[in-house]
There are 2 protein chains.
Amino acid sequence: MLEEGYAAVTVRRVAKVAGVSSTLLHYYYPTADDLLIAIYRHRSGQDLVQLQRALDAPDPICALWAYQTDSARTALGVEFLALANHRKAIRGEIARFAEYSRSLQTKTLSRLLDGSGVTAGCSPVCLSMLLTSVSRNLIMESGVGIASGHGEARAYVESALARLRRSWERDR
Amino acid sequence: MLEEGYAAVTVRRVAKVAGVSSTLLHYYYPTADDLLIAIYRHRSGQDLVQLQRALDAPDPICALWAYQTDSARTALGVEFLALANHRKAIRGEIARFAEYSRSLQTKTLSRLLDGSGVTAGCSPVCLSMLLTSVSRNLIMESGVGIASGHGEARAYVESALARLRRSWERDR
DNA sequence: GTCTATATAATGATAGAC
DNA sequence: GTCTATCATTATATAGAC
């Protein structure tokens, strides 16, 4: 999926990589959508573990940004988002996880920011949305060789997050 | 492409919609990639006209944001970006236009911001990159029914742009 | 459970008539 | 230029042997 896109992930090819016949996959996952949903559930379960670990880290803001800028994970996330955009059957699954992930991030950011005089300039859910936007676009564009503005955007986000972290540490 | 994704755009289906045989398309565009590149060039040419119009508007900042949040155009742009990510043959074409679009935006933003005491908090190319990121993620997520944080992010960006516009108008 | 064989449909691309 | 007919490949999915 990472190398050739979601459309290249077919029952036959997954079966071949797994070393089984395609009919066996159909036995466990009747349709191709069922297989893709199973793959997504497996991935998102792993992602959730890593996200929670980041949010529980001593420096959650920095850890969250590191989580979001992991290129393999984010590229896969974008791929599934594109898939969900055109496959109604798995849309709900992707939307549900994305909303849950955002709510987890929002909860932690709220705890960090609301408890003191720290202000991020925007609400916690807004901050989560903005960080996701920038990391996704960095990964999408990098994939095709677009680079202008990337260093600047990365530096801007990181300095804003550092400022946020400092004021949070000063306040507690 | 908008409704079913780039993978659903085949030579045969384009021919059917156009009311010609698929071999005629192969006559003009030998390979499927050639056809997709031609489609992209047609689209990006139109986009460029509209982008330039926005940058020449009385209020370029507001017009640029309107251009970027046009959902049909941005959704198509994301689709081509995903396509380019997995089709080496058309990658260069997409990257070239994206870089050019960003440079045009950067030039206009520089003119607005550098000429006076106005500071956006980040460099012009950074601002262009951030706006693109947010608008793309708004459109991608909306497509699958994700909405949390959208209202907040939109309001945040728009108030930041309004602040920028006011200080720019005050300075000139 | 796991396989081979197969039905059906769609793909990119080409040959060759006109 | 534009078409019909076709090749080779791949896709999802099912039937049925073991």
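If you're wondering where the values come from, they're calculated on a predicted model, not measured in any experiment. Throughout, protein chains are lettered first and strands after them, A, B, ... in sequence-line order, and every chain is numbered starting at 1.
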Task: 4.5 Å side-chain heavy-atom contact, B/L2 and B/E79 - done: no
Open item on the list: Measuring from atom NE2 of A/H150 to atom CD1 of A/I139, what distance do you get when rounded to the nearest 0.5 angstrom?
Closed with: 9.0 Å
Task: Nearest-0.5 Å distance, OG of residue B/S133 to CG of residue A/L138 - done: 6.0 Å
Task: Sugar-phosphate or base contact per nucleotide [nucleotides 12-17 of chain C; S, B, -; heavy atom under 4.0 Å] - done: BBBB--
- [ ] Considering just the side-chain nitrogens and oxygens of B/Y28, establish if one lies under 4.0 Å of OP1 or OP2 belonging to D/dT2.
- [x] yes
Task: d(OH, A/Y27; P, C/dT2) in whole Å - done: 8 Å
Open item on the list: Can you classify the ring geometry of B/F97 versus B/Y40 as parallel (below 30°), tilted (30 to 60°) or perpendicular (above 60°)?
Closed with: perpendicular
Open item on the list: Given A/D33, which partner from the list A/K88, A/R91, A/R87 fulfils the salt bridge (charged side-chain N to carboxylate O under 4.0 Å, His left out) test?
Closed with: A/R87
Task: Length of the CG-C1' vector between B/L24 and D/dA5, whole Å - done: 16 Å
Task: Ionic contact status for A/E158 with A/R163, cut-off 4.0 Å - done: no
- [ ] To the nearest Å, give me how far apart NZ (A/K16) and C1' (C/dT4) are.
- [x] 16 Å
